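Each remark here refers to the structure printed beneath this line.
Being a predicted model, the structure only gives us computed values, none of them experimental.
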Amino acid sequence: MGVDLRQVVAGILTITMFVMLGQMLHRDYFDAVQEKVQGDAHDIEFQGSRVAVEDGLVRAFEGGNKGPWMEDSHELKPCWSISQSDEAVSSKGYVTFSLTNGPEYHVSQITDAVMVAKHLGATLVLPDIRGSKPGDEMNFEDIYDVDKLIKRLESVVKVVRKLPSHVSLRDIAIVKVPTRVAEDYIKEHIDPIFKSKGNIRVTTYFPSVNLRKSSQGAETDPVSCLAMFGSLELQPAVNELVESMIQRLKTHSKKSGGRFIAIDLRVEILEKKNCHETGAVGSKTCYNAQEIALFLRKLGFDSDTTIYLTQPRWESSLNILKDIFPKTYTKESIMPSDKKSKYLELENSEYENVIDFYISSRSDVFVPAIPGLFYANTVGKRIALGKPQVLVPAEISGTSGVPTNYISPYISKKNHLAYSCFC
């Protein structure tokens, strides 16, 4: 009897995978193991189907289709209120700045600029948007909604579209500020420069990419909350594109009730970090496609699960993920063909970064394969939208894991800055 080589190879791969799974040690990622969220068992109605829910997880859809999906919570309401002392005052100079390095940085940069302008009593000049490469420049309105920004901030700071022609660039002092800049810092370090020069250009630096609450019981500046969570919205054309891509992902996810997973996994960044192990216990800082695939399978996501990757273009190292989850897509495969010339085929990648950020914020599950500000600010938007299922990867010992054990500490401990702004 002849031997089928394909069967032999398949057998070897199967044995190898089981050996790997048996050797995996359970480690946390970013923080300690999270306590399991308990809940009662009940049925709910979801998009016309009966859904069995236990311990906050969707255990089964009508017809027996299982999936470890959590229910979305209600969209939270802003806790902040703008008092009379927070209202905009007469301008006595200008604050300029640029948005750089992608939308995860834009959120922090707009917040710091608004805080500086507000507490100096200055007028804020609408920023331009700059990419990572020299010459990558865009207008603010190419991505974001100008009118909504001006309207939403009008109660705390005046915003103008351009710097007046009578203001010379030589009269603008460049000031570096730490992200999450506070009023006391502004008064001590920035106000003297502003009074001397009359106009300043703010550049934000990031001593940390952590967005935990400052300290227990400390109040968050309402102006900061408004700027971080209420100022930036996509302009209509970009928002329509993101919505169309989300709908395509939902269409591919009929068996799971239209739900899909977004994974922040970018091969170029993984290669730079080398996914090396650090620390005395060898805790990992990032996860590759194979590790993410095994993580999701052990949590109970079946092979029909739809996955969106932030990876710009498909690479062979991602094939293992697609082998296990065939419905795995990058933006080039779900973007309408008539939009690709504008949003994909330009050397400037700002559009692509924005698409990734907003799809990751709106997905039913978000998995950060890479730590950093993209993860932190995506979680912030998801908290505001009532989408708590952010699963932080780890190597799961045994053959299965409980999804609620891997919920982001930002959410399980409610220590993200967003919880100071929403309730």
From CA spacing to verdict: side-chain contact (heavy atoms from CB on, under 4.5 Å), F260, I359: CA-CA 10 Å; F260 70 95; I359 290 181; 4.0 Å; yes
Has the side chain of [X] got a donor or acceptor atom that lies under 3.5 Å from a matching backbone atom of [Y]?
X	Y	answer
E291	A369	no
Q311	V267	yes
N139	E141	no
D356	N353	no
K381	S361	no
H416	A376	yes

Roughly how far apart are [X] [atom1] and [Y] [atom2], rounded to 0.5 Å?
X	Y	atom1	atom2	result
S360	N377	OG	CG	12.0 Å
I292	I324	CD1	CD1	11.5 Å
D136	T100	CG	OG1	12.0 Å
M138	D128	CE	CG	11.0 Å
R212	N415	CZ	CG	6.0 Å
D145	F140	CG	CZ	8.0 Å

Six-ring centre of F374, R266 cation under 6.0 angstrom, axis tolerance 45°: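 Output yes; distance and angle both within limits.
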Six-ring centre of Y94, K158 cation under 6.0 angstrom, axis tolerance 45°: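 Pair K158/Y94 does not count as cation-pi.
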I need the minimum non-hydrogen distance between [X] and [Y], along with the two atoms involved.
X	Y	value
S408	V379	OG-CG2, 4.5 Å
L265	T310	N-OG1, 3.0 Å
K250	G258	CG-O, 3.2 Å
P403	L391	O-CD2, 3.5 Å
V202	F97	O-CB, 3.4 Å
T179	S208	CG2-O, 4.0 Å

Aromatic ring pairing Y375/Y410, orientation class (parallel under 30°, perpendicular over 60°, tilted between):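 If you compare the ring of Y375 with that of Y410, the planes turn out tilted.
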Parallel, tilted or perpendicular, as decided by the 30° and 60° cut-offs, for the rings of W80 and F229: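 Rings of F229 and W80: parallel, as their planes differ by under 30°.
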Can you find a heavy atom in the side chain of [X] that is under 4.5 Å from one in the side chain of [Y]?
X	Y	result
K118	I186	no
R201	S98	yes
R313	L344	yes
R180	S224	no
Y351	D142	yes
K331	Y343	no
P409	V392	yes
D112	Y205	no

Steps toward side-chain contact (heavy atoms from CB on, under 4.5 Å) verdict (Y329, R248): CA-CA 11 Å; Y329 306 98; R248 287 198 175 193; over 6 Å; no
Test side chain to side chain donor-acceptor pair (under 3.5 Å) applied to D72 and R382, R259, K387, the passing residue: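 Single side chain to side chain donor-acceptor pair (under 3.5 Å) partner of D72 among R382, R259, K387: K387.
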Pair T305-L296, side-chain contact (heavy atoms from CB on, under 4.5 Å): steps then yes or no: CA-CA 10 Å; T305 300; L296 292 175; over 6 Å; no
Basic-acidic side-chain contact under 4.0 Å: E240, K339: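 No.
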Lys/Arg-Asp/Glu bridge criterion (N-O < 4.0 Å) met for D147, R161: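 Yes, charged N to carboxylate O under 4.0 Å.
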K187 atom NZ: more than 12 heavy-atom contacts under 6.0 Å: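 Result for NZ/K187: open.
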Over 12 foreign heavy atoms within 6.0 Å of CD1, I174: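 Count not over threshold, so no.
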Verdict with supporting geometry, F357 and H106, ring pair (Phe, Tyr, Trp, His ring centres under 6.0 Å): CA-CA 11 Å; F357 185 69; H106 298 174; 8.8 Å; no
Sulfur-sulfur distance C225/C79 under 2.5 Å: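 No, the SG atoms are not under 2.5 Å apart.
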Pair Y144-L99, side-chain contact (heavy atoms from CB on, under 4.5 Å): steps then yes or no: CA-CA 11 Å; Y144 297 112; L99 299 178; 4.0 Å; yes
Ring pair (Phe, Tyr, Trp, His ring centres under 6.0 Å) assessment of F295 paired with Y287: CA-CA 10 Å; F295 172 71; Y287 290 79; 7.5 Å; no
